[in-house]
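Written below as structure tokens is the structure these notes are about.
Indexing begins at 1, ligand by ligand and atom by atom, following the structure's order.
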Amino acid sequence: MTFPDGFLWGTATAAHQVEGGNHLNDWWAWEQEPGHIKNADKSDPACDHYRRFREDFDLLKSLHQNAHRFSLEWSRIEPRPGEFSASELRHYADVLQALRERGMEPVVTLHHFTNPTWIAGSGGWESRETAERFARYADRVVTELGSLARYWITINEPTVIAYQGYVKGEWPPGKRYDIDRVARVLANLVRAHWLAYERVKSRHPELQLGLAHHLRVFDPARPWVPLDRAVAAAFERVFNGTILKTLRRGELVFPLTRADRASGPRPSQDFIGVNYYTRELVKFNRHYRAELFGERVLPAGAPRSDLNWEIYPEGLHRTLRSLRGEGLPIFVTENGIADAKDAMRPAYLLAHLTSVQRAITDGAPVRGYFHWTSLDNFEWAEGYSAKFGLIACDPRTQERQLRPSAQLYAEICRSNRLPVSVEIPPAPPVDEEPAGRVDLR
Ligand code: FCB
């Protein structure tokens, strides 16, 4: 039940979700428009973490976390093209220093969903130039801050950016499905990663760079129906497989090849970041053209989070095992649950960590786990309604309150082992009539 020596234990956050005061990016603009965010919530003040980071790190340290994943806000660092803010770079140097002083290993994300307004205004990820500009920003940041952190994540969840922003249109820039556009966006995100990897590694070969992949399990809703099996396999290939395969080969694979040809360095990841939350069942539906003809449904009777995402711990085990062949260290860079009452989170934590442990026993080189998240925060289109925190945080009072699972997690971090062995509940039976549609997120 013990985890390997030196295992990294922490939580993950993203600048726009916790800092407050980020008014120079595309998300802030998006939040101002009615209907985009639940309850018309705004990301300011979020957790006011931009000012309170030291106290917040004290709290996480007191909970025995020895690592922390967070993101830099590009729009603060480069508010205008080519103009880098010395004071914001200093701020993030202070943040990194604060982690080091507390003995917490930083994992720094360079891009977590938000784009400076000037990037969004000049074509965003549809433009190839954005990849160049991102690499210039990455290069500059690492020149300034590279000595303070060893682990760097270029981009968080490229497939989610493409899906939410360019298929569903529920996130900025709010565009609807067009296969060529989606391919272009994904290709530019990959190019951005490649260029940043090349630049940063050529100067700082000692740094470890990766990408945070959103991976989920797709199973056929009716395993006995060949078309359901086919669409589930297509989801697996496109959503989970495309970026991994592209990076492994060093060239764009379908559907990115619709964008045009491009190749990149090999290798271009020093570790694999895995964000795992849930599983979806996929059912063939000819009306779902924009979604590979797959309607995503929940198994009847499945335990679910406040956001209606299935709780499926075995999926993390399956996902980590499937990455063994990549031959790279793995970090679980996000895993967590929206659960305001903290009724399901303790069991969720134990079961998912049991899955991590099983994957390690099966030979997956998992080196760390970052729970999503420390504090309740601005959960994108869900606003403050979805509560993912080990610690409750009220944006009006800024009061922080530990949930019971924060203590449970603290005990795991402290002892580097699971306190009890848990049985992973068997997956609920897959019903002939799955229980309603879910949202991919
Ligand atoms: C992930 C995102 C993170 C948060 C969690 C709940 O997809 O990376 O910012 O929204 O989901």
**Study point:** Contacts of type ring-ring contact (aromatic ring centres under 6.0 Å, His included), residue H213, not counting sequence neighbours
**Key:**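 ring-ring contact (aromatic ring centres under 6.0 Å, His included) check on H213 returns nothing, list empty.
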Counting from 1, what ligand 1 atoms have a heavy atom of [X] closer than 4.0 Å?
{"X": "H112", "value": "2 (C), 3 (C), 8 (O), 9 (O)"}
{"X": "E157", "value": "1 (C), 2 (C), 7 (O), 8 (O)"}
{"X": "Q17", "value": "3 (C), 9 (O), 10 (O)"}
{"X": "F388", "value": "6 (C)"}

Point to revise | E132 bridged to R136 by N-O distance under 4.0 Å | key: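 Salt bridge flag = no for R136 with E132.
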Check your understanding: Does the pair E126/R184 count as a salt bridge with the N-to-O cut at 4.0 Å?
Key ->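 A salt bridge is present here (some side-chain N lies under 4.0 Å from a carboxylate O).
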Point to revise | Listed partners of H23 passing side chain to side chain donor-acceptor pair (under 3.5 Å), at least two apart | key: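 With sequence neighbours excluded, H23 shows a side chain to side chain donor-acceptor pair (under 3.5 Å) to D44, given in chain and number order.
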Check your understanding: Based purely on interatomic distance, does E334 place a nitrogen or oxygen under 3.5 Å from a nitrogen or oxygen of ligand 1?
Key ->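 Yes - when backbone and side-chain N and O of E334 are compared with those of ligand 1, one distance drops under 3.5 Å.
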Review point. Heavy-atom contact under 4.0 Å between N156 and ligand 1?
Key: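 Distance cut 4.0 Å: N156 passes for ligand 1.
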**Study point:** Residue from D394, D376, L375 passing side chain to side chain contact (heavy atoms under 4.5 Å, CB included) with R400
**Key:**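 Exactly one pass, corresponding to L375.
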